Amino acid sequence: AWPFQTAVDPKAHPEYYDCVKEPMNFALMKKKLRNHQYKKRDEFSDDIELILNNCEFYNEDDSPVGQAGHELRKLFRAEWTKQFG
């Protein structure tokens with residue numbers, strides 16, 4: 001999950017924000033949790049999926065970040081299914 005902890009650095013990847021119109025990261029999600037902005041669990045799940053979809057859109061599948069996204073998606077879906085069916 002290391003690539004998704006904070007926002008993508010626009011200096012390192014200036015084109016990212018031209019390509020990805022709705023960025024999301026775990027720091028933003030943590031802020032939303034603390035501010036009680038998630039009213040339903042699906043809103044939380046949607047933000048996780050947004051992170052992973054953005055990753056898949058922007059990164060090559062065989063890149064380290066792309067691979068991390070695929071692994072995180074598998075892990076998240078398995079744990080989410082265990083918890084909520």
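Worth knowing before you read on, the calculation uses all heavy atoms, side chains too, and leaves out hydrogens, waters and symmetry mates. Just so it is clear, the structure is predicted and the values come from calculations on it, not from any experiment.
Residues Leu33 and Phe44 meet the side-chain proximity criterion, which asks for heavy atoms closer than 4.5 Å. Side-chain contact between Cys55 and Phe4: present, with at least one pair of heavy atoms (C-beta onward) separated by less than 4.5 Å. In this structure the side chain of Met29 reaches within 4.5 angstrom of the side chain of Phe26, judged on heavy atoms. Looking only at side-chain heavy atoms (C-beta outward), Val8 and Tyr17 come within less than 4.5 Å of each other. Taking 4.5 Å as the limit, every side-chain heavy atom of Gln5 sits out of range of all side-chain heavy atoms of Asn25.
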- [ ] Could you give me the CA-CA distance, side-chain angles and deciding distance for Tyr38 and Asp47, then say whether side-chain hydrogen bond (donor to acceptor under 3.5 Å, both in side chains) is met?
- [x] CA-CA 10 Å; Tyr38 292 117; Asp47 275 353; 2.6 Å; yes

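The pair Glu79-Lys74 does not count as a salt bridge, with every side-chain nitrogen at least 4.0 angstrom from each carboxylate oxygen. Under 4.0 Å is where a charged nitrogen must lie from a carboxylate oxygen, and between Glu43 and Lys32 no such pair does.
Residue Glu60 qualifies as open at atom CD: its count of foreign heavy atoms under 6.0 Å is 12 or below. Heavy atoms of other residues, nucleotides or ligands lying less than 6.0 angstrom from CZ of Phe57 number 12 at most. Summarising the local packing, NZ of Lys21 is surrounded by more than 12 heavy atoms from other residues, nucleotides or ligands at distances under 6.0 Å.
Within the 3.5 Å criterion, the main-chain N or O of Gln37 finds no donor-acceptor partner in the side chain of Asn35. A distance-only check finds a donor-acceptor pair linking the side chain of Asn54 to the backbone of Glu22 [under 3.5 Å]. Side chain of Ser63 to main chain of Asn59: no donor-acceptor pair is present (N/O by atom type, distance under 3.5 Å, no hydrogens or angles). No donor-acceptor pair under 3.5 Å is formed between the side chain of Tyr58 and the backbone N or O of Asn53. Listed for the Glu71 side chain is no donor-acceptor partner under 3.5 Å among the backbone atoms of Gln67.
The line from CD of Glu49 to CH2 of Trp80 is 9.5 Å long, rounded to the nearest 0.5 Å. Rounded to the nearest 0.5 Å, atoms CZ (Phe84) and OG (Ser45) are 9.0 Å apart. The CD1 atom of Ile51 lies 14.0 Å from the CD atom of Glu56; values are rounded to the nearest 0.5 Å.
Hydrophobic clustering of Ile, Leu, Val, Met, Phe, Trp and Tyr side chains at less than 4.5 Å, counting indirect connections, unites Leu28 with Val65. Note on Val20: it does not cluster hydrophobically with Ile48, by side-chain heavy-atom contacts below 4.5 Å among ILVMFWY residues.
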